[in-house]
Amino acid sequence: MSAALEMKEAAPALIGTSGDSLREAFGRALAELGAERSDFVVCDADIAGGTGTHHFRKAWPDRFYQFGIAEQNMMAAAGGMAATGLIPFVTTFAVFALRALEQARLQIAYPRRNVKIVASHPGLDVGPDGASAQALEDLAAYRALPGMTVISPADPVEMRLATRAVLAHDGPVYMRSGRSNARVLFDDNHEFRIGRGRELRPGTDVTLIACGVEVARALDAAGILAAEGIAARVVNMATIKPLDRAIVERAARDTGAIVTAEDHNVIGGLGGAVAEALAEGTPCPVEFVGVSDRFGESGEPEELAEAYGLTGPHIAAAARRAIARKRKG
Amino acid sequence: MSIEALQGLARSIRRRSLDAIYHAGSGHPGGSLSAADILACLYGREFDLDAIAENRDSRARFVLSKGHACPALYATAASVGLAAADAANGLRKLGSPFQGHPHVLDLPWVETSTGSLGQGFSAAIGMAIGLRHQGNPARVYTLLGDGELQEGEVWEGAMCAAHYRLGNLCAIVDYNKLQSDDLNENIIGLVPLAARWRAFNWAVAEIDGHDIPAILAALDAARAETARPSVIIAHTVKGKGVSYMEANPPWHGSVKLSDRNMADAFADLGPQDTETEEWRHVGRA
């Protein structure tokens, strides 16, 4: 028997290509949308198994474009494809979306091309691949591009709805999916609208504003705080840009203290966006939960979240600090 | 359009390019002058100008990947009637659509924004894929600088276009041998350039980029090549047509042109052709 055949028989299982990860939800949603619309295509840079787009490739091979390990060309070419009327989904890992940031700037954002950049493997949620693969800067970088909509859904249900919404939206979008299995937070009645934050839990003492995997952890924090008699409002801010300023202002007025939580550098992402909005509107104490301007490392996602201060107890501690600052006021 | 008429168009492109750079107070004359004959052949013969003016789906797509040579593109558009005759004299001015690098949302006949080297080439590849995906037989053309070929993205794109057998794509390299700081070969060498493109599975033509019949023949050959992307390596002279600029490095970056510079340049280029205001009509004949 040839070595190649032996290898085929002993093919290893790819880790994490199934389950309730956001990338899986994205890939399945894309395949589903393929049956409804034929005006979009999917661009991949040799990681379809990792981004979830293998589902689409299997269902719609003629609308799947392989660009190889060449993200810069893929990103700029997607701009060119959009110029001819197609709607490309550019899919890669978030760190490689950073690699092609300038192509996204000049060929997508500046000409206002209808391209959807969907990046998996953001943040410490990447886990064991370590710091080189953990994009902690993508929300800040893409948020700084004029006209770019930036989205980070919280669970597989919302990811599916968001995929549908970004395809319906006319304009460039950067959206995070996620590598690890995510807690399911929403049921089939969940609604998603670009640019709209959503209150998941009422509260009057402090507001926890989170996106992505941090939404589930913010809900944990609200539970911890409730046991101490602190009523924490929880807002799922799935759209980082354009930010739902009204819900932020309301939180500042009603609760007078805010905590932001994101699997991202504390600089320039959701926390930055919320702080900018508050500085222009209704300033109040803000505590930032995220990675404190440093790189990550290898480890399991939950271990990393604990080590880098992203879990529910850390968010709860930040809430207590924000409330204390409010009282000192 | 006759060979003589195309030569006249190229002269008009050169005069208008320098005029625009003179009024702007800065700009890249060298790479504009080296590309003038290529642009004359594309807009004077290869393209259907009505289709471009009316933004028809059938129009040929042209991407100036070497976006810094936009004075020549604006001059071409003015000469063939896609832009108002003196419009490019707003080059690089606040509020003018004729920015220091071309922008698609400012100018309806520009296909995409360029200015960061390598990206226009990739965008052209995306257009070629997109058109073919939709069964549109329109062709895509892109003009690259030689220094631009040092960008890794160009070779990502070269692999991609060959892999997809983009017979609807024609790249032209304005091979004037000079880049911002020095000769290509003193910066990062490109030789053997034709062999490199052949090794990437492109159909390669190597011509004198100032020889109008040779440019036209190469464009014909590229159109006939349906199974592979084509590249025309056009050997050119930076600053071509203006004796003091030709092969004289100081004129190849962004420079300011004086009244004396302009008088000398226009003397070299020859008088304004009376036909040039009527290119659009000549082109259609």
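Letters A, B, ... are given to chains in the order of the sequence lines, protein chains preceding strands, and every chain is numbered from 1.
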When rounded to the nearest 0.5 angstrom, what distance separates CD in Gln107(A) from OG1 in Thr112(B)? 4.0 Å
If I take atom CG from residue Leu64(B) and atom CG from residue Leu39(B), how far apart are they, to the nearest 0.5 angstrom? 7.0 Å
Do Glu153(B) and Gln103(A) get their side chains close enough for a donor-acceptor pair, meaning under 3.5 Å? yes
Between Asp129(A) and Arg179(A), does any NZ, NE, NH1 or NH2 come within less than 4.0 Å of an OD or OE carboxylate oxygen? no
Residue Phe121(B) versus chain A: region with a heavy atom under 4.5 Å: neither
Cut-off 4.5 Å, heavy atoms of chain B, and the answer for Ala83(A) is side chain
The interface call for Gln119(B) against chain A, heavy-atom contacts under 4.5 Å, is both
Which answer fits Leu131(B), side chain, backbone, both or neither, if we ask what part of it has an atom under 4.5 Å from a heavy atom of chain A? both
Of all of His163(B), Met127(B), Glu111(B), His103(B), which one pairs up most often with chain A through heavy atoms under 4.5 Å apart? His103(B)
Ranking Val104(B), Thr114(B), Leu105(B), Val63(B) by heavy-atom pairs under 4.5 Å to chain A gives rank one to Leu105(B)
Residue from Glu156(B), Met159(B), Gln134(B) scoring the most non-hydrogen pairs under 4.5 Å with chain A is Glu156(B)
With under 30° as parallel and over 60° as perpendicular, where do the rings of Phe98(B) and Trp109(B) fit, or are they tilted in between? tilted
Tabulate, in ascending numerical order, the residues of residues 57-76 of chain A having at least one heavy atom closer than 4.5 Å to a heavy atom of chain B, or enter 'none'. Asp62(A), Arg63(A), Tyr65(A), Gln66(A), Phe67(A), Ala70(A), Glu71(A), Gln72(A), Asn73(A), Ala76(A)
Tell me if the CZ atom of Arg56(B) is crowded by more than 12 foreign heavy atoms within 6.0 Å. yes
Does the pair Asp44(A) and Thr53(A) meet the rule for a side chain to side chain donor-acceptor pair (under 3.5 Å), with working shown? CA-CA 8 Å; Asp44(A) 168 46; Thr53(A) 56; 4.5 Å; no
Verify the ring-centre separation between Tyr141(B) and Phe47(B): is it less than 6.0 angstrom? yes
Look at the rings of Phe62(B) and Tyr43(B) and say which category their plane angle falls in: under 30° parallel, 30 to 60° tilted, over 60° perpendicular. perpendicular
